[in-house]
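Each remark here refers to the structure printed beneath this line.
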Amino acid sequence: MTSLLPSLRSLLCAAVLAAPLLAAGQAKPTAKAISPDLFGIFFEDINYAADGGLYGELVQNRSFEYSPSDHGGWHPLTSWDYLHDGYAMGSVSVESAAPLHANNPHYVQLRVENPFQKGLGLKNNGFDGMALKAGEKYDFSLWARVKSGAAVPLLVQLRDKKDKVLAEITLSAQAAGWQQYRATFTAPAAEPEASLVVLATGKGVVDLDMVSLFPQKTFHNRPNGLRPDLAQVIADLKPKFVRFPGGCLAHGDGLDNMYDWKKTVGPVEQRVAQRNIWNYHQTAGLGYFEYFQFCEDIGAKALPVVPAGVSCQNSGGSWRIGGVGQQCIPLADMAAYTQDVLDLIEYANGPATSTWGAKRAAAGHPAPFNLEYVGIGNEDKITEGFEERFKMIYAAVHAKYPKMQVIGTVGPSPKGEDYDKGWTLAGQLNVPLVDEHYYEKPKWFLTNNRRYDTYDRKKPKVYLGEYASWGNTLFNAVAEAAYMTSLERNGDVVRLASYAPLLAKEGHTQWNPDLIYFNNSTVVPTVNYYVQQLFGQNQGTDYVAGVVAPPAGAVADTTVAASCVRDAKTGDVILKLVNASATAQPFQVDLSGLKGLNMAATRTVFTGDKDAKNTFASPNTVMPKTAAYKAKSRFSYEAQPYSLTVIRLRGKR
Ligand code: AHR
């Protein structure tokens, strides 16, 4: 049923672009096409979102590359304990001569002079332990090189929190050159804080690197894949796109710290690990291939953000004395850098016969990933250095890939110098979209509900790339919901929007609030998450004005908001009614101008106490409740205090 509103598109007119809620019965519904990609997600490796989070690897510091530059006091044996059995004699040392790969310069050497009974070696404690599930399989692997001539026997164990051995296997390292050894464990019991032990149990010298323990169960069973429960919670948002890898992580803390996509693809042991701008370490195990694959697996478009040839303006802690501020790639190196950006597009979209398409194919994906969007820059300071470099990159991308939806950047705030300069530059160059960012109080989101109503439709379109109200209470979530109705109403000019940040690990959170909190065993979607989910699962292709009217006399009241969208594919019409006030509010709904609708609808209500939160102790404090709902052609709907209601009417198919 696609003829629900046969003349919807023809009814497009400028007057409805900024149409406020109209009194029911006063206007015929008018519709305009809105972005089919409106609500997506922002993924950044902040708060241990990737290593120790979404990335499935259980061993922390598997390649012995941790260093004090990642985090004060860290070193190549961080997260590893030295073990020796009784009177065993020998040593463990960190070496760098003839490494496994130049990109992976450190490894450990176990030298056993007297193994006593079980020799000596190392224990890895994972990221706050390793959560094992009873009966599930875990792939163990390591690279080894024997230095002593004779083979060196290795004992590999899974241990529980009290160091009791849960399972063990033996291997024999034999090769005089680097070689990978693999084995599979089955966890005999659930253990939330397991560890992995590798012991050399015979006399000899052996080098070890890339010690890995990976659950076989990953999201969509991808090798080198993602933690399934976390990935599924993300997938359940039904995002239309995924932005990655940041955030500030994208442009980095100084030139050496910029996220270089080329260093994150290929065999994991050859990727370049580096300091994470958020004061820890990134292995790049979750790299560009895995990001693209994840997008495809959840049916979302990829939206990579590359540095605009400049680093974060806060590089070196520029707000402190001695900070260095924004660093620019020397102009002499910009041609090579620009080529890297073009190569990224070829990696995603080029035929398997192209140089970079062939690398994608070698990773297991001969078909293109069909990249449509690329962001250049992340809330950068708009300096001369930035402008010069942005222009170079944009011109090259636009010339080679004229259909690519390039996204420019307009600073970290909803207004101000960088915002103004960024918009001016984007307008001059006719950049398709710009990336706005803002984190504000809930009241700001309520009172700025009309922000985009007056945006010039002829200028670049908006990607609201980072936004959140400061907090994880229901009031925050409902304020965000009210704002999201305005994004739908302005879905012709706001083409994409993503809440930020997405993930945060308990005990390792650098930024609050976040959308989803987790530890090794539990995932806690916040109340804000459920708002994102309800909008994500109920996206439309057209905004329909003149269907929902606010409570009488409440036109100027910013605590109520509503939207009506239609999905052209199914003919479904979706109403979203938001009440961010302390008292119930009646909305008037007039569906009489919309034909072909089934009045046997579903209604989801999301409500609770103003300050309610979902927490580890109480993860389900506020949950959406869905039930059948009998709608009428005209009806009054009383929205509960602090609530979001979604009413979905099916198109008659
Ligand atoms: O979302 C967290 C951070 O906020 C992002 O890394 C940065 O772009 C913004 O300042």
Side-chain angles (χ1 to χ4, degrees), residues 40-51 53-54 234 237 239 241-254 257-259 274-282 286 291 303-308 310-319 323 325-327 373-382 386 390 407-419 422 433-441 444-445 462-472 476 480 496-505 508-518 526 528-529 532:
I41 57 170
F42 163 101
F43 181 91
E44 175 171 23
D45 187 5
I46 183 173
N47 309 318
Y48 279 52
D51 293 299
L54 187 58
I234 296 171
L237 287 165
F241 66 88
V242 180
R243 175 207 181 116
F244 56 88
C248 288
L249 189 95
H251 58 180
D253 187 7
N257 194 243
M258 283 179 174
Y259 197 97
Q274 73 168 359
R275 175 168 69 94
N276 184 308
I277 193 171
W278 297 103
N279 204 25
Y280 57 101
H281 179 94
Q282 37 185 334
L286 170 50
Y291 281 124
L303 196 167
V305 174
V306 297
V310 300
S311 70
C312 181
Q313 51 269 29
N314 298 320
S315 293
S318 67
W319 56 87
Q326 184 183 75
Q327 304 286 287
Y373 297 104
V374 64
I376 302 176
N378 173 65
E379 62 173 47
D380 299 289
K381 186 148 191 59
I382 312 293
F386 167 87
F390 181 89
I407 305 169
T409 184
V410 297
S413 312
K415 59 183 183 184
E417 191 183 333
D418 295 319
Y419 174 87
L433 294 124
V434 300
D435 180 12
E436 294 194 353
H437 291 184
Y438 36 85
Y439 299 90
E440 300 285 349
K441 291 185 174 155
W444 185 95
F445 284 91
V462 176
Y463 165 32
L464 176 49
E466 293 184 26
Y467 73 95
S469 71
W470 288 117
N472 284 124
N476 293 97
E480 286 153 11
L496 310 152
S498 45
Y499 179 102
L502 182 68
L503 296 178
K505 187 166 193 177
H508 301 280
T509 298
Q510 293 92 33
W511 183 287
N512 277 304
D514 303 285
L515 201 63
I516 301 164
Y517 289 81
F518 66 95
T526 59
N528 317 65
Y529 169 93
Q532 293 294 321

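Please read these numbers as outputs of a predicted model, since none were measured by experiment. Residue numbers count from 1 along this sequence. For ligands, and for the atoms within them, numbers begin at 1 and follow the listed sequence.
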For C248, atoms of ligand 1 separated by under 4.0 Å from a heavy atom: 5 (C), 6 (O), 7 (C), 8 (O)

Residue, atom name and distance, where the atom is the protein heavy atom closest to atom 10 (O) of ligand 1: E379 OE2, 2.7 Å

Minimum non-hydrogen distance to atom 1 (O) of ligand 1, winning option of W278, Y439, W511: Y439

L249 and ligand 1 - part of the residue with a heavy-atom distance under 4.0 Å: neither

Part of Y438 within contact of ligand 1 (heavy atoms, under 4.0 Å): neither

Partner set under side chain to side chain donor-acceptor pair (under 3.5 Å) for N476, not counting sequence neighbours: S469, T473

Within the 6.0 Å centroid threshold, strictly below: Y439 and Y467: no

Spatial distance of atom CD1 (I234) from atom OH (Y529) [nearest 0.5 Å]: 8.5 Å

W470/F445 aromatic ring centres below 6.0 Å: no

Check: W444 ring centroid to Y438 ring centroid under 6.0 Å: yes

Donor-acceptor contact present, side-chain Q313 to main-chain G325, <3.5 Å: no

Any N/O pair I46/ligand 1 closer than 3.5 Å: no

Test item, P501 contacting ligand 1 (heavy atom, 4.0 angstrom): yes

Nearest-option assignment for atom 7 (C) of ligand 1, heavy atoms, candidates H437, H251, E466: E466

Within the 6.0 Å centroid threshold, strictly below: Y463 and F241: yes

Atoms in ligand 1 flagged as close to G247, the criterion being non-hydrogen separation under 4.0 Å: 5 (C), 6 (O), 8 (O)

For E417, side chain to side chain donor-acceptor pair (under 3.5 Å) partners two or more places apart: K421

Protein contact of atom 6 (O) of ligand 1 - nearest heavy atom, named by residue and atom, plus distance: E44 OE1, 2.6 Å

Atom indices of ligand 1 within 4.0 angstrom of N378 heavy atoms, with elements: 8 (O)

